[in-house]
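As structure tokens, the structure follows; a few thoughts come after it.
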Amino acid sequence: SKGHAVTERTLAPRPGSRKGRCGKRVGMIRSLIRDVAGSAPYEKRLMELLKTGRDKRALKLAKRKLGTHLRGKKKREEMGNLLRKKK
């Protein structure tokens with residue numbers, strides 16, 4: 001509440017804010033490839049761990065294979081979604 005009173009400007013989102021998002025076409029192509037090629041061996045092991053309810057161990061495996069905690073979490077979530085879709 002100190003200083004000259006100004007109104008907050010609403011700025012348009014910058015192009016960099018959508019960097020890395022998956023578009024419709026790319027998402028469709030990736031899902032098609034996943035259907036044709038199947039899963040990598042470590043992904044199969046991840047799914048087995050998730051089936052038995054060993055989420056923390058699955059995260060540790062994913063983290064070791066992919067390099068970072070965030071990538072590991074994302075992969076674990078992706079594999080969990082695949083399992084739910086199969087049921």
Side-chain angles (χ1 to χ4, degrees):
S1 68
K2 205 164 100 172
H4 185 73
V6 293
T7 56
E8 191 72 27
R9 288 172 54 205
T10 55
L11 298 171
R14 296 174 71 140
S17 65
R18 78 168 298 278
K19 185 179 190 314
R21 288 234 183 100
C22 191
K24 273 191 295 188
R25 184 169 186 267
V26 171
M28 192 269 300
I29 291 168
R30 282 184 188 160
S31 68
L32 180 68
I33 291 171
R34 163 76 36 139
D35 290 342
V36 173
S39 302
Y42 85 94
E43 290 177 335
K44 288 176 185 168
R45 189 165 162 219
L46 260 175
M47 285 195 267
E48 280 302 313
L49 287 168
L50 290 171
K51 276 181 197 169
T52 56
R54 301 191 62 195
D55 290 27
K56 191 170 183 179
R57 174 57 63 184
L59 177 60
K60 278 183 141 183
L61 173 71
K63 205 165 79 167
R64 196 172 73 238
K65 292 291 182 184
L66 298 170
T68 68
H69 183 73
L70 213 62
R71 286 177 184 171
K73 282 189 347 186
K74 197 173 176 184
K75 179 61 77 172
R76 181 181 63 173
E77 188 62 37
E78 186 186 323
M79 292 294 114
N81 290 341
L82 267 177
L83 275 176
R84 277 184 234 108
K85 201 179 277 186
K86 280 185 180 179
K87 284 183 181 179

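Proximity of K74 to L70: side-chain heavy atoms (C-beta onward) are nowhere separated by under 4.5 Å. When side chains are defined from C-beta on, R30 does not count as touching R34, because their heavy atoms never get closer than 4.5 Å.
The cluster map of Ile, Leu, Val, Met, Phe, Trp and Tyr, joined by side-chain heavy atoms under 4.5 Å apart, puts L59 and M47 in different clusters. By the criterion of side-chain heavy atoms lying less than 4.5 angstrom apart, applied directly or through intervening Ile, Leu, Val, Met, Phe, Trp or Tyr residues, L61 is grouped together with M79 in one hydrophobic cluster. Using a 4.5 Å cut-off between side-chain heavy atoms of Ile, Leu, Val, Met, Phe, Trp and Tyr, with links allowed through other members, L82 and M28 fall into different hydrophobic clusters.
Salt bridge annotation for R54-E48: absent, with no cationic side-chain nitrogen under 4.0 angstrom from a carboxylate oxygen.
Atom CG of L32 is surrounded by more than 12 heavy atoms from other residues, nucleotides or ligands within 6.0 Å. The environment of R64 atom CZ is dense: over 12 non-hydrogen atoms of other residues, nucleotides or ligands sit within 6.0 angstrom.
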List the steps, then state whether side-chain contact (heavy atoms from CB on, under 4.5 Å) holds for K65 with L46. CA-CA 11 Å; K65 292 291 182 184; L46 260 175; over 6 Å; no

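Here the straight-line distance linking atom CG of D55 with atom CD of E77 works out to 9.5 Å at 0.5 Å rounding. For the atom pair CG (L50) and CZ (R84), the distance works out to 8.5 Å, reported to the nearest 0.5 Å. Note that the NZ atom of K56 and the NZ atom of K63 stand 9.5 Å from one another [nearest 0.5 Å]. Atoms CG and NZ, on L83 and K86 in that order, are 6.5 Å from each other to the nearest 0.5 Å.
The minimum heavy-atom distance between S17 and R14, with the atom names listed, is OG-O, 2.6 Å.
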